[in-house]
There are 2 protein chains.
Amino acid sequence: MPDSSFPQPDADDIRLTGILRALSDPGRVRIVQVLADGEYHACNVEEFGLDIQKSTLSHHFKTLREAGLTTVDITGRNHCIALRTGELEARFPGLIASLTSEAAVADVSRRAAPE
Amino acid sequence: MPDSSFPQPDADDIRLTGILRALSDPGRVRIVQVLADGEYHACNVEEFGLDIQKSTLSHHFKTLREAGLTTVDITGRNHCIALRTGELEARFPGLIASLTSEAAVADVSRRAAPE
DNA sequence: CAGAAGGTTTGACGAACGTCGAACTATTTG
DNA sequence: CAAATAGTTCGACGTTCGTCAAACCTTCTG
């Protein structure tokens, strides 16, 4: 059960447009791809290698969670997030798989257009 | 071959982040879903049922085309667009299929949250 | 209990975005 | 050739977004 102070939508309330809106930022796509291993990951900057401040990262976490993509686990002062893989697959079959495929990860890793 | 005055990226230059950026607008997602039948569709407002002005629609067409999602065919004064289905599938397998699945179309059709 | 550690929240700022109406271009029709 | 048609481009507008630094809140540690 998710922590009540970090609300997330019910599975039925996850909207495709909300997901796509959340994934319009390359950094957030990267986060989802890192989470694709199904594990919980610590909510710190090093974990995702994103060269942004922690307040910005926290904002991205919030955006992903409110879109229904992630869930949070809090133990002590450590926050961890994970993909809601099962619920997302049930709702939009194949979507997460295609976004975290080898081709997708390779494309996002190569950040911008090679000049 | 695409018309030179409506440039589109080569298949290899289609970026996932570009696609997701283009699809962050619900109207553009809707357009892609209408195009999912593989046919060319006229570039007019009625075709997509989107309650926006034609200048706005044209802006959406441009965004989709520059992201590599669509291609244009011009005959006389009629412009038609189609999804670049094959190239997109080759580049990001399963992505378009998941975005235009029955579940995805149903979700986007039900525009906002039911109160 | 004082301080450190791990993240979140707040407020502000500039950039990017969706939208529209008006002007424009090219083609077809009378 | 003049008017109509199909759609794009331009310029302007209000809004939303990503970003950061600073303040904040909990939990852990000495």
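Every chain is numbered from 1 and lettered A, B, ... according to where its sequence line falls, protein lines coming before strand lines.
In this structure, B:Arg91 and B:Glu87 have side chains that are not in contact, with every pair of non-hydrogen atoms separated by 4.5 Å or more. Side chains of A:Phe61 and A:Val72 form no contact here, defined as non-hydrogen atoms less than 4.5 Å apart. Between A:Phe92 and A:Ile14 the shortest side-chain heavy-atom distance falls below 4.5 Å.
The outermost nucleotides of DNA chain C lying under 4.0 Å from heavy atoms of chain A, listed 5' to 3', are C:dA4 to C:dT9.
Contacts between residues 32-42 of chain A and DNA chain C, counted as heavy-atom distances below 4.0 Å, involve A:Ala42.
The NE2-P distance, from B:His79 to D:dT8, rounds to 6 Å in whole Å. Between the CZ atom of B:Phe6 and the P atom of D:dG7 there is a distance of 11 Å, rounded to whole Å. Following rounding to the nearest Å, B:Ile81 (CD1) and D:dT8 (C1') show an atom-to-atom distance of 13 Å. Remark: P of D:dA6 and CZ of B:Phe61 are 14 Å apart, rounded to the nearest angstrom. Going from atom CG of B:Leu57 over to atom P of D:dG7 covers 9 Å, rounded to whole Å.
Here OG of A:Ser5 is found 5.0 Å from CD1 of A:Ile74. Values are rounded to the nearest 0.5 Å. Interatomic distance, B:His60 NE2 to B:Ser55 OG, rounded to the nearest 0.5 Å: 9.5 Å.
Closest approach of B:Asp107 to A:Thr17, counting heavy atoms only: OD2-N, 4.3 Å. A pairwise comparison of heavy atoms in B:Leu88 and B:Gly68 identifies CD2-O, 3.9 Å as the closest pair. In terms of heavy-atom proximity, A:Val32 sits nearest to A:Leu23 at CG2-CD2, 3.8 Å. The shortest non-hydrogen separation linking B:Pro26 to B:Ser24 is CD-O, 3.7 Å.
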Original post:
When you check every protein heavy atom under 4.0 Å of nucleotides 18-28 of chain D, what one-letter string (B, S, -) results, 5' to 3'?
Top reply: SBBBB----BB
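Between the side chain of B:Asp10 and the backbone N or O of B:Asp12, no donor-acceptor pair lies under 3.5 Å.
Below 30°, between 30° and 60°, or above 60°: for A:Phe6 and A:His79 the angle between ring planes is above 60°, a perpendicular geometry.
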